[in-house]
Protein chains: 4
Amino acid sequence: MSPRVSREHMKQRRADIMEAATRIFIKHGYEHTTMKHIMEEAGISRGGLYQYFSNKEDLFEALLEEGLTEEAGTAGVSLEKVESHWMLLMQLIFGEDGHPDTRMDPLAPSKLEFFITGRNDERRRSYGEKRYELVLSIYNEIIKAGQETGEFSDRYDSELLARSIITFVDGLALDHAILSEKKVRLEDQSVLFVDYLKMALGVSSS
Amino acid sequence: MSPRVSREHMKQRRADIMEAATRIFIKHGYEHTTMKHIMEEAGISRGGLYQYFSNKEDLFEALLEEGLTEEAGTAGVSLEKVESHWMLLMQLIFGEDGHPDTRMDPLAPSKLEFFITGRNDERRRSYGEKRYELVLSIYNEIIKAGQETGEFSDRYDSELLARSIITFVDGLALDHAILSEKKVRLEDQSVLFVDYLKMALGVSSS
Amino acid sequence: MSPRVSREHMKQRRADIMEAATRIFIKHGYEHTTMKHIMEEAGISRGGLYQYFSNKEDLFEALLEEGLTEEAGTAGVSLEKVESHWMLLMQLIFGEDGHPDTRMDPLAPSKLEFFITGRNDERRRSYGEKRYELVLSIYNEIIKAGQETGEFSDRYDSELLARSIITFVDGLALDHAILSEKKVRLEDQSVLFVDYLKMALGVSSS
Amino acid sequence: MSPRVSREHMKQRRADIMEAATRIFIKHGYEHTTMKHIMEEAGISRGGLYQYFSNKEDLFEALLEEGLTEEAGTAGVSLEKVESHWMLLMQLIFGEDGHPDTRMDPLAPSKLEFFITGRNDERRRSYGEKRYELVLSIYNEIIKAGQETGEFSDRYDSELLARSIITFVDGLALDHAILSEKKVRLEDQSVLFVDYLKMALGVSSS
DNA sequence: GATGAATGAGGCTTCATTCAT
DNA sequence: AATGAATGAAGCCTCATTCAT
């Protein structure tokens with residue numbers, strides 16, 4: 001009964017709203033973005049917007065989910081078939097090409113905001129923890145696998161290393177969010193961090 | 001008649017407000033703290049509060065300033081007389097005793113919030129950058145001094161190392177703010193990071 | 001092609017919606033029921049619902065009409081053939097068996113709401129008055145007839161007694177709507193009121 | 001410290017708002033009155049209004065409380081000293097002069113609305129029940145006292161009679177709210193009801 | 001006839017800040 | 001200096017109703 005066209009259309013509309021919202025969140029940050037901003041950017045009415053997302057939090061979580069899905073995808077490769085766990089790790093941290101560069105998720109600052117301002121909210125906090133656990137386990141699995149095949153040294157606990165990676169990435173994202181582009185020296189720091197990881201994992205310089 | 005009494009009194013009152021505000025900011029975070037919360041905690045009237053601080057931002061910056069002064073104090077020791085630059089560095093990062101532990105500035109989450117939500121505000125951003133530069137220069141000076149005396153290896157650029165320290169500290173503060181105490185493994189990560197610094201600075205294990 | 005089928009179908013559909021709406025109005029009351037509630041309960045689309053009823057008021061009035069038709073039916077018996085006007089009166093007030101009991105129209109609270117919240121709306125008010133007049137005339141006719149046949153005393157004006165019956169019934173419905181079941185003592189009050197009516201109408205205890 | 005003037009002033013302001021609100025509630029009813037209506041009628045700003053009352057419900061309950069205090073006052077006369085319990089009862093039902101008349105609390109319709117539309121709200125319902133119990137106990141006490149002194153017959157349970165009085169008063173208020181002035185025949189019905197009470201209490205016509 | 005996406009008016013509430021006393 | 005009442009901008013959310021498909 002329900003026209004297929006409509007279903008397609010809604011999907012598209014939803015995607016459009018999410019894109020518009022992304023632009024706005026990047027521009028204003030999470031806290032300072034209002035539903036009105038999003039409405040206007042997306043060219044939709046108040047009520048229309050609320051038909052797709054029941055509030056700002058809900059909408060933002062959809063964006064978070066989307067981002068996570070992409071990341072998880074990258075790691076989705078069956079670990080057993082992997083030639084180089086090191087390569088996989090680099091790809092996960094720095095994206096496709098696996099080289100430290102200046103690209104950074106432009107929504108990252110808002111994501112940090114979302115979790116930081118919501119740290120006293122039960123729901124948000126546990127949501128953040130779940131996300132953290134997920135990402136943690138992805139890194140951890142890779143490192144563990146690498147240690148098992150002997151590619152990595154097992155001098156350090158794999159989980160601890162995984163946490164350190166997250167700490168570094170978060171710290172970098174934070175400073176990048178707060179400081180102007182040039183001040184952070186994103187790339188240099190990344191290279192240095194890779195050295196750090198090489199040391200910790202006992203990987204010889206490639 | 002005697003203005004000095006009044007002057008004293010005002011100083012005290014101001015300090016009281018700042019203490020109260022600190023408690024409140026720790027409890028609710030920057031964004032979710034309202035002037036009313038502070039008023040009530042400080043036992044002062046609305047108008048009274050505004051007599052001391054012209055707005056929330058102003059008040060929070062006073063707290064920031066205070067924190068920075070303390071930090072700078074630690075480093076204020078004339079560098080030339082320092083026996084061990086490594087020790088000084090550790091003290092700066094981990095506080096008085098210089099050992100990685102679980103103590104962390106309880107106001108740190110609010111500070112992150114303050115800068116992250118205000119990253120699009122010209123004034124706030126440049127204020128944040130100035131702070132960053134200041135802290136950066138403190139670390140940088142120490143490392144540079146250590147490298148000059150030969151205590152540290154000069155394999156890495158001192159400024160870059162200084163930045164990395166900040167990145168790590170910020171990342172840790174961020175994760176600590178967002179996740180429950182146990183999840184971050186603050187101490188373990190700190191120990192690992194110290195190992196790394198030793199490597200980068202060519203310091204032999206103490 | 002055969003329009004009658006369609007006609008039948010629409011009738012049924014309309015009746016289904018009314019039933020569903022009744023359930024919802026009973027549950028949430030008039031004001032707090034939304035068209036969405038009704039849609040969902042009736043398993044019909046927004047647009048579909050509006051095809052049958054042009055708005056919430058219209059729909060509710062259909063339910064009112066239905067209720068009135070039933071009541072009028074009870075009294076519809078040709079008055080002349082009636083053996084006992086007292087019996088008829090009791091049936092009208094208390095339903096089929098004519099005995100004071102705890103049954104009460106579950107939609108009554110919503111009906112009161114409808115008229116009370118709408119008392120400043122010209123249209124709704126006059127609609128309410130028409131209904132009142134209708135019910136009034138029904139009671140009045142019976143009492144008048146009873147008085148003419150000598151079954152009832154004519155000590156009191158029949159119309160005034162009719163009004164009093166309505167007042168009592170409305171008062172009972174109101175209290176029943178507002179208070180929990182047990183608090184009203186519906187049945188006891190009814191018995192007392194019947195005693196009173198017997199006195200006023202000069203009916204000996206049955 | 002806080003200026004006495006101010007305290008006085010606030011009391012007055014609060015009273016003014018309540019008066020304005022009363023006018024508005026009488027005019028529009030509870031549901032259809034908005035905080036904006038009240039603001040405008042009271043000549044106060046949005047924020048100002050919320051300083052005195054935290055929402056519409058809170059404000060309305062203040063009006064209810066006020067009304068109840070007045071009623072309770074009437075009954076406050078020590079029951080023992082009362083010459084005629086009948087007289088007291090009449091005063092309670094019909095006001096000071098104790099004679100059935102056409103005066104009726106103009107806020108009554110809104111009060112009914114308040115409790116009827118809120119009947120599914122836990123808080124409101126129990127508030128309504130408490131009120132009912134209070135009024136009930138006032139009537140009950142008087143009737144019981146009258147029965148004990150022999151002024152009233154004890155043929156009927158005093159509590160039941162008290163409930164019936166409330167039912168009647170509520171029914172009358174309801175019909176008065178819904179119908180135009182003339183249709184209810186308030187006074188005639190009241191006289192009739194008094195006859196009813198006389199019968200039930202065994203009071204000879206005065 | 002039916003569908004349900006879209007509209008937008010309308011209400012509620014919070015809070016930083018001002019200002020008369 | 002201190003007080004706290006008052007202001008009003010700004011956000012959030014709901015819901016009856018319309019209309020293109």
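Numbered from 1 within each chain, the chains take letters A, B, ... in sequence-line order.
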Does a side-chain N or O from Tyr50(D) land closer than 4.0 Å to OP1 or OP2 of dA5(F), or not?
-> no

His32(C) NE2 to dC15(F) C1': how many Å, rounded?
-> 13 Å

Asp16(B) CG - dA1(F) C1' separation (whole Å) | 16 Å

What distance separates Glu19(B) CD from Leu63(B) CG, expressed to the nearest 0.5 Å?
-> 10.5 Å

Counting side-chain heavy atoms from CB outward, which of dT3(F), dT7(F), dG1(E) is closest to Gln51(D)?
-> dT7(F)

Is Arg124(C) positioned over the aromatic face of Phe114(C), cation under 6.0 angstrom from the ring centre and no more than 45 degrees off axis?
-> yes

Going by the angle between their ring planes, with limits at 30° and 60°, are Tyr127(B) and Phe115(B) parallel, tilted or perpendicular?
-> parallel

Tell me which of Gly47(A) and Asn55(B) sits closer to the 5' end of DNA chain E, going by the nucleotide each one is nearest to.
-> Gly47(A)

Taking only the side-chain nitrogens and oxygens of Arg13(A), find out if one of them lies under 4.0 Å from OP1 or OP2 of dA6(E).
-> yes

Rounded to whole Å, the CG-C1' distance (Leu49(D) to dA9(F)) equals 16 Å

In whole angstroms, how far is the P atom of dA6(F) from the CZ atom of Arg14(D)?
-> 13 Å

Interatomic spacing from CG in Leu107(C) to CG in Leu64(C) - rounded to 0.5 Å | 7.0 Å

Range-with-range stems of DNA chain F (Watson-Crick or G-U pairs under 3.5 Å, three or more in a row) = E:2-21 with F:2-21

With sequence neighbours excluded, tell me which residues meet salt bridge (Lys or Arg N to Asp or Glu O under 4.0 Å) with Lys56(B).
-> none

In whole angstroms, the gap separating P of dA16(F) from CD of Glu31(D) amounts to 13 Å

Between Tyr52(D) and dA5(F), does any side-chain N or O lie under 4.0 Å from OP1 or OP2?
-> no

Rounded to the nearest Å, what distance is computed from the CE atom of residue Met10(B) to the C1' atom of nucleotide dA2(F)?
-> 11 Å

Residues in residues 34-45 of chain B with a heavy atom under 4.0 Å of DNA chain F, by number, are Ile44(B), Ser45(B)

Between atom NE2 in His9(A) and atom P in dT21(F), what is the gap in whole Å?
-> 9 Å

Can you tell me how far P of dG4(E) sits from NZ of Lys11(A), to the nearest Å?
-> 17 Å

Mind telling me whether His28(A) and His37(A) have parallel, tilted or perpendicular rings, with 30° and 60° as the class edges?
-> tilted

Is there a donor N/O on one and an acceptor N/O on the other, under 3.5 Å, for the side chain of Arg46(C) and the base of dT17(F)?
-> yes

Residue pair Ser110(D) / Arg119(C), side-chain donor-acceptor N/O under 3.5 Å = yes

For Glu113(A) and Thr117(B), test the side chains for any donor-to-acceptor distance below 3.5 angstrom and give the result as yes or no.
-> no

Considering all heavy atoms of both residues, which atom of Ala21(A) and which atom of Leu59(A) are nearest to each other, and what is their separation?
-> CB-CD2, 3.9 Å

